[in-house]
J.: 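Before I ask anything, here is the structure I am working with.
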Amino acid sequence: MSPPRKRKESSAERLVEPGRRESLRTRLLEWYDRQKRDLPWRRTRDPYAIWLSEVMLQQTQVATVIPYWERFLQRFPSVEALAAAPLPDVLALWRGLGYYSRARNLHGAAQEVVARFGGKLPSTAAELLTLPGFGRYTAGAVASIAFGEPAPLVDGNVARVLSRIFEVEGAPGDRAREARLWALATELVHGERPGDFNQALMEHGATVCRPESPLCLLCPVREECLAYRHGRVDELPPARVRAAPKRMTLAVAVWAHEGRLLLARRAEKGLFGGLWELPAAEVDDDTPDTESTSRLAEALGADVTLRGHLGTVRRQLTHRALSLRLLRVTGATHPTHAPAFRELRWCTPDEASSLGMSTAMHKALEAAVSAGALQA
DNA sequence: TAACCGTGGTC
DNA sequence: TGACCAAGGTT
């Protein structure tokens with residue numbers, strides 16, 4: 001007979017003792033019932049509205065999301081309304097919220113929900129995962145919060161909370177760490193009120209078990225927390241290592257004609273995908289303006305002449321340092337189609353401001369106008 | 001799998 | 001003021 005082998009990946013393996021598990025669940029749920037914030041998406045049971053909140057909250061703070069969520073639901077109150085809308089209208093409501101692929105995927109998923117599921121969002125995490133923009137987290141969040149499925153989720157908050165309670169080692173991105181966190185979340189979520197329990201974990205991470213200066217004296221599960229017991233709360237989890245931002249320089253065409261500016265809509269992938277902008281072309285940092293001008297001519301498919309320089313707008317993203325060089329240009333013929341863009345349009349500054357446009361380009365537009373782009 | 005994808009708040 | 005970060009997903 002061979003000796004019994006230690007099984008490392010059995011889903012039946014118990015990570016948390018039953019008594020501790022029930023204690024954690026009860027304390028967190030009771031704390032949540034007393035202390036949860038009154039957030040607008042906690043006042044609805046509409047799966048679509050809950051889905052929307054989860055997508056907007058990805059890598060985005062609650063206070064930022066609230067007004068966007070309310071405007072978006074007012075304009076697109078149902079999956080059908082969203083699915084029927086043109087993508088540029090959706091992006092216009094998303095303007096300034098960032099990570100615009102979220103809006104593109106949301107729109108695409110709404111159309112799939114109409115086509116594949118009769119307009120009703122599927123109710124299981126497994127089905128939700130087949131829709132664009134649903135990863136493991138969002139599928140678990142919508143399945144548990146909107147439909148009551150005991151589906152686990154791990155976001156940044158949950159990862160921090162569980163890392164501390166169970167003293168999980170490893171940095172964000174470490175595979176063994178992620179697997180252990182998901183396994184812990186899976187064990188803990190089974191039971192009553194899975195949606196509330198998941199939200200309790202996240203709420204606890206957001207308000208008490210914070211990244212900096214956690215409020216351990218107010219913590220409902222302090223007695224269960226290994227990091228607290230061992231004085232390691234401040235070192236768990238270790239900070240994420242971030243790559244230095246890369247520089248990116250864009251030559252921006254400021255082409256004015258009779259009070260209007262030429263606007264272009266970008267290709268739908270990559271940075272600022274599908275958004276409107278003053279027509280821009282990436283250049284090297286040391287590219288002279290004359291050469292930048294010919295790059296813009298190529299992108300627009302039109303002859304343009306450099307008329308002057310209207311300044312540079314700088315904008316810091318998480319992983320990019322953007323420089324937007326505003327080049328005043330003119331041309332004899334006005335292009336209506338361009339090889340590098342989805343669409344062209346001549347707009348007054350007010351019209352341009354209502355388009356779906358990145359914050360970087362919005363600042364560039366304001367800078368161009370105040371530098372006298374529309375004056376002769 | 002590691003790089004890419006935005007923004008505003010916080011200290 | 002600049003570095004760090006937030007209810008992640010895609011390729």
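Each chain gets a letter, A, B and so on, in the order the sequences are listed, and its residues count up from 1. Computed from a predicted structure; not experimentally measured.
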J.: What's the CG-C1' distance between A:Leu271 and C:dT10, to the nearest Å?
T.: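 About 15 Å, once rounded to whole Å.
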J.: Checking all strands, does A:Lys363 fall into the base, sugar-phosphate, or nothing category for heavy-atom contacts under 4.0 angstrom?
T.: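 Touches nothing.
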J.: Can you tell me the distance, in whole Å, between the CG atom of A:Leu128 and the C1' atom of C:dG8?
T.: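 Taking CG of A:Leu128 and C1' of C:dG8, I get 15 Å after rounding.
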J.: Between A:Lys269 and A:Leu57, who's closer to the 5' end of DNA chain C by nearest nucleotide?
T.: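 Nearer the 5' end of the strand: A:Leu57.
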J.: Give a yes or no on whether a salt bridge exists between A:Arg180 and A:Glu169, defined as a side-chain N under 4.0 angstrom from a carboxylate O.
T.: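 Not counted as a salt bridge, because no side-chain N and carboxylate O are separated by less than 4.0 Å.
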J.: Please state how far atom CZ in A:Phe272 lies from atom P in B:dC4, giving the value in whole angstrom units.
T.: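 Value for this atom pair: 14 Å.
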J.: Could you go through residues 146-156 of chain A and list every donor-acceptor pair under 3.5 Å that involves a side-chain atom there, pairing it with any protein atom two or more places apart or in another chain?
T.:
residue: A:Glu149; atom: OE1; partner: A:Ala125; partner atom: N; Å: 2.8
residue: A:Asp155; atom: OD1; partner: A:Asn157; partner atom: N; Å: 3.2
residue: A:Asp155; atom: OD1; partner: A:Val158; partner atom: N; Å: 2.8
residue: A:Asp155; atom: OD2; partner: A:Asn157; partner atom: ND2; Å: 3.3

J.: When you match A:Asn105 and A:Asp155 each to their closest nucleotide on DNA chain C, which lands nearer the 5' end?
T.: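 So the residue in question is A:Asp155.
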J.: Hey, does A:Ala206 reach any base, or is it just sugar-phosphate, or nothing, if we go heavy atoms under 4.0 Å?
T.: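 Contact class for A:Ala206: sugar-phosphate only.
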J.: Rounded to whole angstrom units, what separation is found between the CZ atom of A:Arg240 and the P atom of C:dC4?
T.: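 Going from A:Arg240 (CZ) to C:dC4 (P), I get 13 Å.
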J.: With sequence neighbours left out, which residue pairs that include part of residues 45-54 of chain A fulfil the side chain to side chain donor-acceptor pair (under 3.5 Å) condition?
T.: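 For residues 45-54 of chain A: A:Glu54-A:Tyr137.
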J.: Sequence neighbours left out, what passes salt bridge (Lys or Arg N to Asp or Glu O under 4.0 Å) with A:Asp89? Give chain and number order.
T.: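 Partners of A:Asp89 by the salt bridge (Lys or Arg N to Asp or Glu O under 4.0 Å) criterion, ordered by chain and then number, come out as A:Arg75.
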J.: Report which part of the nucleic acid A:Thr318 touches: base, sugar-phosphate, or nothing (heavy-atom distance under 4.0 Å, all strands).
T.: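 Base contact - A:Thr318 has a heavy atom under 4.0 Å of at least one base atom.
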J.: What's A:Arg160 touching, base or sugar-phosphate or nothing? Going by heavy atoms closer than 4.0 Å.
T.: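 Counting heavy atoms under 4.0 Å across all strands, the contact made by A:Arg160 is with sugar-phosphate only.
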J.: Please list, in numerical order, the residues of residues 77-103 of chain A that have a heavy atom closer than 4.0 Å to any atom of DNA chain B.
T.: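 Within this stretch, A:Gly96, A:Leu97, A:Gly98, A:Tyr99, A:Tyr100 sit under 4.0 Å of the strand.
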J.: What pairs with A:Glu112 under salt bridge (Lys or Arg N to Asp or Glu O under 4.0 Å), at least two apart in sequence or on another chain?
T.: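 By the salt bridge (Lys or Arg N to Asp or Glu O under 4.0 Å) rule, A:Glu112 matches A:Arg116.
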J.: Please confirm whether the shortest side-chain N or O distance from A:Thr60 to OP1 or OP2 of B:dG6 is below 4.0 Å.
T.: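 For A:Thr60, the contact criterion (side-chain N or O under 4.0 Å from OP1 or OP2 of B:dG6) is not met.
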J.: Just distance, no hydrogens or angles: give the donor-acceptor pairs under 3.5 Å from side chains in residues 313-323 of chain A, sequence neighbours left out.
T.:
residue: A:Arg314; atom: NH1; partner: A:Ser323; partner atom: OG; Å: 2.9
residue: A:Gln316; atom: NE2; partner: A:Arg320; partner atom: O; Å: 3.4

J.: Can you see if the side chain of A:Arg136 gets near the phosphate of C:dG9 - specifically, an N or O under 4.0 Å from OP1 or OP2?
T.: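 Looking at the OP1 and OP2 atoms of C:dG9, neither is under 4.0 Å from any side-chain N or O of A:Arg136.
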J.: What pairs with A:Arg20 under salt bridge (Lys or Arg N to Asp or Glu O under 4.0 Å), at least two apart in sequence or on another chain?
T.: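 So A:Arg20 forms a salt bridge (Lys or Arg N to Asp or Glu O under 4.0 Å) with A:Glu224.
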J.: What salt bridge (charged side-chain N to carboxylate O under 4.0 Å, His left out) pairs are there with at least one residue in residues 96-106 of chain A, not counting sequence neighbours?
T.: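 Applying salt bridge (charged side-chain N to carboxylate O under 4.0 Å, His left out) to every pair that reaches into residues 96-106 of chain A, excluding sequence neighbours, yields nothing.
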J.: Inspect the contact between A:Arg229 and A:Glu167 and indicate whether a charged nitrogen and a carboxylate oxygen are less than 4.0 angstrom apart.
T.: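 Looking at A:Glu167 and A:Arg229, the cut-off is not met.
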J.: How is A:Asn198 classified with respect to the nucleic acid when contacts are heavy atoms under 4.0 Å: base, sugar-phosphate, or nothing?
T.: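 The residue A:Asn198 makes no contact with any strand.
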J.: Suppose we screen for salt bridge (Lys or Arg N to Asp or Glu O under 4.0 Å). Which residues come up paired with A:Arg71, at least two apart in sequence or across chains?
T.: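 Testing A:Arg71 for salt bridge (Lys or Arg N to Asp or Glu O under 4.0 Å), a comparison that skips the adjacent residues, returns none.
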J.: Compile the donor-acceptor pairs under 3.5 Å between side chains in residues 298-311 of chain A and protein atoms, sequence neighbours left out, one pair per line.
T.:
residue: A:Arg307; atom: NE; partner: A:Thr330; partner atom: OG1; Å: 2.7
residue: A:Arg307; atom: NH2; partner: A:Thr330; partner atom: OG1; Å: 3.3
residue: A:His309; atom: ND1; partner: A:Gly311; partner atom: N; Å: 3.1

J.: Can you see if the side chain of A:His319 gets near the phosphate of B:dG6 - specifically, an N or O under 4.0 Å from OP1 or OP2?
T.: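 So the side-chain polar atoms of A:His319 never come under 4.0 Å of the phosphate oxygens OP1 or OP2 of B:dG6.
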J.: When we call it a touch if two heavy atoms are under 4.0 Å apart, what does A:Gln316 touch: a base, just sugar-phosphate, or nothing?
T.: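 Touches a base.
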J.: Rounded to the nearest angstrom, tell me the gap between atom CD in A:Glu212 and atom P in C:dC5.
T.: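 Atom CD in A:Glu212 sits about 7 Å away from atom P in C:dC5.
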J.: What nucleotide, of C:dC5, B:dG8, C:dG8, holds the atom closest to the side chain of A:Pro211?
T.: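 The answer is C:dC5.
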J.: Once you apply a heavy-atom cut-off of 4.0 Å, does A:Leu317 come out as touching a base, just sugar-phosphate, or nothing?
T.: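 Counting heavy atoms under 4.0 Å across all strands, the contact made by A:Leu317 includes a base.
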J.: Whole-Å distance between C:dG9 P and A:Glu178 CD?
T.: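 Answer to the nearest Å: 12 Å.
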J.: What's the CE-C1' distance between A:Met248 and B:dG6, to the nearest Å?
T.: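 After rounding, the gap between these two atoms is 13 Å.
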J.: When the P atoms of C:dG9 and B:dG8 are compared, how many Å lie between them, rounded to an integer?
T.: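 To the nearest whole Å, 22 Å.
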J.: Between protein and nucleic acid, restricted to nucleotides 9-11 of chain B and to nitrogen or oxygen atoms under 3.5 Å apart, what atom pairs and distances do you find?
T.:
residue: B:dG9; atom: O4'; partner: A:Gln61; partner atom: OE1; Å: 3.2

J.: B:dT7 P sits how many Å from A:Gln59 CD, rounded?
T.: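 Atom-to-atom, A:Gln59 to B:dT7, this comes out as 14 Å.
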J.: Are A:Ile145 and A:Phe134 linked, directly or through intermediate hydrophobic residues, by side-chain heavy-atom contacts shorter than 4.5 Å (ILVMFWY only)?
T.: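 No; tracing contacts between hydrophobic side chains, which count when under 4.5 Å, never links both residues.
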J.: In residues 32-48 of chain A, which ones come under 4.0 Å of DNA chain B, going by heavy atoms?
T.: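 Here the set is empty: none.
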J.: Would you say the side chain of A:Leu121 lies within less than 4.5 Å of the side chain of A:Val142, judging by non-hydrogen atoms?
T.: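 Yes, at least one pair of side-chain atoms sits under 4.5 Å.
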J.: What nucleotide among C:dG9, B:dA3, B:dT7 has an atom nearest to a side-chain atom of A:Lys246?
T.: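 Taking heavy atoms from C-beta onward, the closest nucleotide is B:dA3.
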J.: Indicate, yes or no, whether a donor-acceptor pair under 3.5 Å links the base of B:dT7 to the side chain of A:Ser358.
T.: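 Looking at the base of B:dT7, it does not pair with any donor or acceptor on the side chain of A:Ser358 (distance under 3.5 Å).
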